[in-house]
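Please read the structure below before turning to the comments.
One-based numbering, in listed order, for ligands and for the atoms of each.
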Amino acid sequence: MAVFKPENVEDFYEIGEVLGSGHFGQVRQVRERTSGNFWAGKFLKIRKVACSRLGLDRSSVEREVEILQAVQHPNIVALKDVFESRAEVVLILELVSGGELFDFIAEKENLLETEAIEFMKQILEGLKFIHCKNIAHFDLKPENIMLSDKVSKPPNIKLIDFGLAHLFHPGEEYKSTSGTPQYIAPEVISCQPLSTAADMCVLSFLRLSGLSPFQGDTDEETLGNVIGMKYEFNEHYFSLTSPMAKDFIQKLLMKNPEDRMTAEECLLHPWIKPITPKQVAK
Ligand SMILES: COc1cc(-c2ccc3ncc(-c4cccc([C@@H](O)NCCN(C)C)c4)n3n2)ccc1O
């Protein structure tokens with residue numbers, strides 16, 4: 001069992017405003033007392049008894065900590081420290097203050113394809129890094145793709161929320177039905193064994209409209225669209241999309257996980273890495 005620091009987190013950090021919250025608990029801005037530097041604290045309530053419905057199972061927290069400790073990369077949020085009290089674990093993480101990628105895009109009149117490629121490259125570099133370590137994120141969706149700050153040019157992507165991530169062991173078969181309907185792979189819905197390929201399927205929404213091509217009026221309709229690989233693209237965005245970008249997206253929207261491009265293959269696709277001047281996005 002992993003041992004986290006038993007000291008009181010407030011002896012080392014001033015606890016600040018809530019940045020976000022979810023089923024997991026809260027993310028709050030925290031300030032390190034010695035340096036004055038700002039960090040993000042992910043505050044997690046831990047189940048006190050196994051049958052309790054309140055709080056998280058400690059083993060799931062240990063899994064996220066193990067994975068975050070294994071992945072140091074410019075496009076993956078960094079973990080600094082972990083504190084534990086009687087019923088709470090606090091992850092001290094690199095503060096990501098640029099907000100969600102899709103809010104940044106929504107504020108722009110029009111996103112150039114060259115800007116979309118830059119974002120996609122950074123996301124793919126982060127995914128390539130974790131996939132090479134046999135780690136899948138399994139919750140890749142717009143709100144988990146953030147910008148490190150509001151000033152860097154180009155903005156620096158940070159993948160966050162590894163609460164559903166999984167480290168595959170050799171020969172292991174892993175199944176999960178967790179995730180968000182419009183951003184999960186068909187093999188999750190059909191309870192098939194999962195792989196890192198499940199992260200690739202959802203990248204299609206990264207034509208950077210942020211809209212899932214599978215979005216239905218209800219979760220049931222959305223799940224049906226994912227299973228049947230029935231999708232349509234927001235005409236406003238797709239009509240502006242180059243043939244190379246369409247080819248890239250369609251090579252990700254493959255029902256069979258083994259037919260989908262890997263992150264490494266995506267980085268070599270002509271939309272991302274043009275081979276001839278003709279392939280360079282405008
Ligand atoms: C929420 O889980 C994580 C958050 C973070 C994290 C790290 C740095 C950081 N700086 C700012 C934030 C932040 C700001 C606003 C909202 C959130 C989060 O609550 N929303 C993520 C959505 N997710 C729960 C679907 C997080 N974060 N979040 C890292 C690992 C996690 O498992």
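Residue Glu143 has no nitrogen or oxygen atom sitting less than 3.5 Å from a nitrogen or oxygen atom of ligand 1, judged on distance alone.
Here Glu265 does not pair with Lys251 in a salt bridge; the nearest charged N to carboxylate O distance is not below 4.0 Å. Taking a cutoff of 4.0 Å between a charged side-chain nitrogen and a carboxylate oxygen, Lys121 and Glu125 do not qualify as a salt bridge. Using a 4.0 Å cut-off between a side-chain N of Lys or Arg and a carboxylate O of Asp or Glu, Arg260 and Glu187 qualify as a salt bridge.
Residue, atom and distance of the protein heavy atom nearest to atom 25 (C) of ligand 1 are Asn144 OD1, 3.3 Å. Shortest contact from atom 10 (N) of ligand 1 to any protein heavy atom: Val96 N, 2.9 Å. Nearest non-hydrogen protein atom to atom 32 (O) of ligand 1 is Glu64 OE2, 2.4 Å. Ranking protein heavy atoms by distance to atom 18 (C) of ligand 1, first place goes to Val27 CG2, 4.2 Å. At the top of the distance list for atom 1 (C) of ligand 1, counting protein heavy atoms only, stands Phe24 CZ, 3.4 Å. With hydrogens left out, the protein atom closest to atom 15 (C) of ligand 1 is Leu19 O, 3.2 Å, a heavy atom. Closest to atom 29 (C) of ligand 1 among all protein heavy atoms lies Leu93 CD1, 3.6 Å.
Residue contacts with ligand 1 for Glu94 involve N, CA, C or O but no side-chain atom from C-beta outward (heavy atoms, distance under 4.0 Å). With a 4.0 Å cut-off on non-hydrogen atoms, Lys141 touches ligand 1 through its side chain and not its backbone. Proximity of Val77 to ligand 1, defined as any heavy-atom pair under 4.0 Å, is confined to the side chain (atoms from C-beta onward). Residue contacts with ligand 1, taken as heavy atom pairs separated by less than 4.0 Å, do not involve Leu68 at all. No part of Ser97 comes within 4.0 Å of ligand 1, judged by heavy-atom distances.
Ring-centre distance between His131 and Phe129: not below the 6.0 Å cut-off. The six-membered or imidazole ring of Tyr183 lies away from that of Phe138, with a centre-to-centre distance of 6.0 Å or more. For Phe38 and Tyr13, the gap between ring centers reaches or exceeds 6.0 Å.
Each of the following atoms of ligand 1 lies closer than 4.0 Å to a heavy atom of Phe162: 32 (O). Listed by number with element, the atoms of ligand 1 under 4.0 angstrom from any heavy atom of Ala40 are 8 (C), 9 (C), 10 (N). Which parts of ligand 1 touch Ser21 is read off a 4.0 Å heavy-atom cut-off, strictly below it: atoms 19 (O).
Heavy-atom proximity to atom 20 (N) of ligand 1, evaluated over Val18, Leu164, Ile160, Asp161, is greatest for Ile160.
At least one heavy atom of Gly20 sits less than 4.0 Å from an atom of ligand 1. Remark: distances from the non-hydrogen atoms of Met146 to ligand 1 include one below 4.0 Å.
Glu84 places a side-chain heavy atom less than 4.5 Å from the side chain of Arg58. Between Leu159 and Asn144 there is no side-chain heavy-atom pair separated by less than 4.5 Å. With a 4.5 Å cut-off on side-chain heavy atoms, Met200 and Thr196 do not count as touching. No side-chain heavy atom of Val82 sits under 4.5 Å from any side-chain heavy atom of Ile92.
When atom types are taken as modelled, the side chain of His137 and the backbone of Leu140 share a donor-acceptor pair closer than 3.5 angstrom.
For the residue pair Trp39 / Glu94, no side-chain donor-acceptor distance below 3.5 Å is found, with atom types taken as modelled.
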